[in-house]
2 protein chains.
Amino acid sequence: MASRKPTIADVAALAGVSVAAVSKVVNGKAGISAPTRDRVLTAASKLRWTPSAAAVALRSAKTRAIGMVARRSPDLLSADPHFTLLISGIEGELSPLGYGLLLHIVGEEPSAEEVAYRRLADERRVDGVVLTESRVGDTRFELLRTLDVRTVLIGTPWRADPVPSVQATGPARGVRAAVEHLVAHGHRRIAYVSGPEDRVHTLHRRRVFEDALAAHDLAPSHSVVSDFTAAGAVDAIGKLLAEHRRPTAVLFANDSMAVAGMSAARRLGVDVPGELSVVGHDDLPLGELVYPQLTTVRQDLIGLGRAAARVLLASLGEVEDASVDVRPPELVVRESTGPAPDRT
Amino acid sequence: MASRKPTIADVAALAGVSVAAVSKVVNGKAGISAPTRDRVLTAASKLRWTPSAAAVALRSAKTRAIGMVARRSPDLLSADPHFTLLISGIEGELSPLGYGLLLHIVGEEPSAEEVAYRRLADERRVDGVVLTESRVGDTRFELLRTLDVRTVLIGTPWRADPVPSVQATGPARGVRAAVEHLVAHGHRRIAYVSGPEDRVHTLHRRRVFEDALAAHDLAPSHSVVSDFTAAGAVDAIGKLLAEHRRPTAVLFANDSMAVAGMSAARRLGVDVPGELSVVGHDDLPLGELVYPQLTTVRQDLIGLGRAAARVLLASLGEVEDASVDVRPPELVVRESTGPAPDRT
DNA sequence: TTGAAAGCGCTAACAG
DNA sequence: CTGTTAGCGCTTTCAA
């Protein structure tokens, strides 16, 4: 039966030293002789003692935890797997240092999100937070600054702003490669189905898309703005295919939409990639499961998560070097893209 | 600029009362006059004060947080979206009570998992944990009991054991309905592709599957054990289709495998549902994205998450009633199933 | 190199 | 009804 949890005093007593000595040992402070250190260590492990997180937090005003709040979209579709990957990366960096990850999932109401951040900060539950899904007009930075919480953003800030952020090197590379790939296969009418326009990356990617086309003297066949849902994608594909001179290729802002779009096309009797090439974005596992397998722009989501954690950790003085190598986006060619159809 | 975080003493001073009074007010204890309570409340909100989680935890030995550790499968395929849904449900119950969710993601090595649980417990970071993916020979209960942490399992314990657990009412209903559906459509050779055999639910579902078939004097056409990966599913489908008298329908233990299996079949030139009907399990968003849309056994994952949280909360004395209504599994018929093909 | 002692912000007796 | 006070388990001066 688990008896009372041992405290630092128990360890000190067993080792025959003061609690101060024990504290110094576990925190690697100087001023402890080797024999003493050994006695303390043995005593600690004999008692299976670990410092109480609460006591440490109270005393040192450091919780050794970082927070994250995710908005749960109504259909659970979009952000999800994406999010999981990011979290894996973050945890990969936090765990070895004994840091915890406090996660909050909130509804769509904007206030819910703010409440969650406030709670994290006011209750002093975390030392920092990581933000994702950079939004145009994002107010989270200001909020968190007021709350005095360290913050790092995964993605591009919506404006020049002193928010620490991480992103892949050569962020434009992937979408550009996708366009090159399509053009090389003879596509001339290429459409883009973007996500909600309040997302910063949406705007960026669209811009890259257009620039890449322009480099070949092409203009986007159509650009349609969609939400991140399956229904939205189906809708978008419906519209695109109904056009008189319909596109021969479509880029989607994420994999879920791409898969949904691809399915919608096939349901309308349009062959993929025979009559329509489809490209996704992110390279979620999903893309390999479906038939045809999805050609997509791979993002190093795990790397981004690691990098974000690292930045936070560095600013907390836990690690020296904040840098993590985030692989640049790259095009993964699978089965959903092919030569442009002959008929004009 | 955020000045020093206010403490209970600041609130007490501003309200002109003692800290004890403030404490009683925020904790809803009796023995406070209405006017005093009001003064405290105003002062608290004026100062934007919230009790420090660390201090409360230290003092009351309650962290107001619950923990969860997830094993990250190498391909990230299986557990993921499933997991996210569970977490959404859990958070839905925790948030309103101001409880946090501490998440750890660990690698496959068994020891990593144990380390994570130990850390949660020894550092006293959480008041309880929720376990998922009940395994045969699961040792986590014993571990957590020794660690003296409250535990609840989502799923069925692998043996009669005093582990609090939650599961849907009529857990067998879904798979049974799937079999009925297939049989009603003339299928006689029905195969099952299960997950790893060390999962308790794998065994249960298989049993239900066989019993349901037996009720129609049928035996499973083939049962193949797979891991939870896409490759595994592709492999399984390959084997099944190579059989002399191949099955006309296949049930998969989860949606990812089902989708992968469906794709593999189509790649082999086998029409779904024309020549082969496919049924998944869980009803993840994925199933609606693909073409043909997946017929699947829906599980109320969010409800299960809520229920688990609720059990924990009840045992912590936070709520009276532990019950949450978890919808029974039900068959969602979409496009991947149809009448059995004519040829025998 | 070591230990004694003073809190960190809060809750829970216990007195008034 | 309200205030005083003693810690919860730890870290950190400051002396010895």
Side-chain angles (χ1 to χ4, degrees), chain A residues 3-41 43-44 47-65 98 119 121-125 127 148 317, chain B residues 3-41 43-44 47-65 98 121-125 127 148 316-317:
Chain A
S3 46
R4 202 182 99 291
K5 206 212 161 199
T7 74
I8 194 174
D10 300 322
V11 177
L14 180 57
V17 299
S18 71
V19 297
V22 178
S23 173
K24 281 173 189 152
V25 170
V26 301
N27 292 298
K29 302 286 184 190
I32 295 289
S33 67
T36 306
R37 140 174 279 97
D38 287 348
R39 300 232 306 293
V40 168
L41 260 18
L47 258 29
R48 290 197 147 290
W49 173 80
T50 309
S52 142
V56 172
L58 179 55
R59 182 57 238 219
S60 53
K62 285 187 176 316
T63 60
R64 300 186 72 79
R119 201 148 71 192
D122 292 341
E123 298 182 356
R124 283 283 183 274
R125 275 194 188 259
D127 296 331
D148 198 24
Chain B
S3 46
R4 199 181 102 289
K5 207 214 158 199
T7 74
I8 194 173
D10 301 322
V11 177
L14 179 57
V17 299
S18 71
V19 297
V22 177
S23 173
K24 281 175 187 149
V25 169
V26 301
N27 292 298
K29 302 284 186 193
I32 295 290
S33 68
T36 306
R37 138 174 281 98
D38 286 348
R39 299 235 305 293
V40 169
L41 261 16
L47 259 29
R48 289 198 147 291
W49 173 81
T50 310
S52 141
V56 172
L58 179 56
R59 180 62 236 217
S60 54
K62 285 186 175 317
T63 59
R64 301 186 71 80
D122 291 342
E123 298 182 356
R124 283 282 184 273
R125 275 194 188 260
D127 296 331
D148 199 24
L316 292 169

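In what follows, chains carry the letters A, B, and so on, assigned in the order in which the sequence lines appear, proteins first and then strands, with residues in each chain numbered from 1. Because only heavy atoms are used, hydrogens play no part in the values below, and waters and symmetry mates are left out as well, while side chains stay in.
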Pairs under 3.5 angstrom only: tabulate donor-acceptor contacts from the side chains of residues 10-18 of chain A to other protein residues two or more places apart or in another chain.
residue, atom, partner, partner atom, Å
A:Asp10, OD2, A:Arg4, NH2, 3.1
A:Asp10, OD2, A:Thr7, N, 2.7
A:Ser18, OG, A:Ala20, N, 3.4
A:Ser18, OG, A:Ala21, N, 3.2

May I ask you to list the residues of residues 15-25 of chain A, by number, that have any heavy atom positioned under 4.0 Å from an atom of DNA chain D?
A:Ala20, A:Ser23

Whichever of B:Thr50 and A:Ser33 has the more 5' nearest nucleotide on DNA chain C, that residue is A:Ser33

For A:Leu47 against A:Pro6, the heavy-atom pair lying closest together
O-CG, 3.4 Å

Look at the side chain of A:Arg59 and the backbone N and O of A:Val56, then say whether any donor-acceptor pair between them is shorter than 3.5 Å.
no

Main-chain N/O of B:Lys62 paired to B:Asp127 side chain as donor or acceptor, under 3.5 Å
no

In Å, rounded to the nearest 0.5 Å, how long is the span from CG of A:Asp38 to CD1 of A:Ile32?
11.5 Å

To the closest 0.5 Å, what do you measure between CZ (A:Arg119) and CG (A:Asp122)?
10.5 Å

So if I take the C1' atoms of five pairs at each end of the helix from C:dT1-D:dA16 to C:dG16-D:dC1 and get each local axis, what angle do the two axes make, rounded to 10 degrees?
40°

Which part of the nucleic acid, if any, lies within reach of B:Ser60 when heavy atoms closer than 4.0 Å are counted: base, sugar-phosphate only, or nothing?
nothing

If every non-hydrogen atom of A:Thr50 is compared with every non-hydrogen atom of A:Lys5, which pair is closest and at what distance?
O-NZ, 2.9 Å

At under 4.0 Å between heavy atoms, what does B:Leu58 touch on the DNA or RNA strands: base, sugar-phosphate, or nothing?
base

Here the pair of heavy atoms bringing A:Ala65 nearest to A:Arg125 is CB-O, 3.7 Å

Which pair of non-hydrogen atoms, one from B:Trp49 and one from B:Ile8, has the smallest distance, and what is that distance?
NE1-N, 3.4 Å

Which pair of heavy atoms, one from B:Ala9 and one from B:Val19, lies closest together, and at what distance?
CA-CG1, 3.8 Å

First and last nucleotide of DNA chain D in contact with chain B, 5' to 3', at under 4.0 Å to a heavy atom: what are they?
D:dC1 to D:dG9

Mark yes or no for whether A:Arg39, through its side chain, and A:Thr36, through its backbone, hold a donor-acceptor pair below 3.5 Å.
no

Contact boundaries of DNA chain C with chain A (under 4.0 Å, heavy atoms), 5' to 3'?
C:dT1 to C:dG9

Which residues pass the salt bridge (Lys or Arg N to Asp or Glu O under 4.0 Å) test with B:Arg64, sequence neighbours left out?
B:Glu318

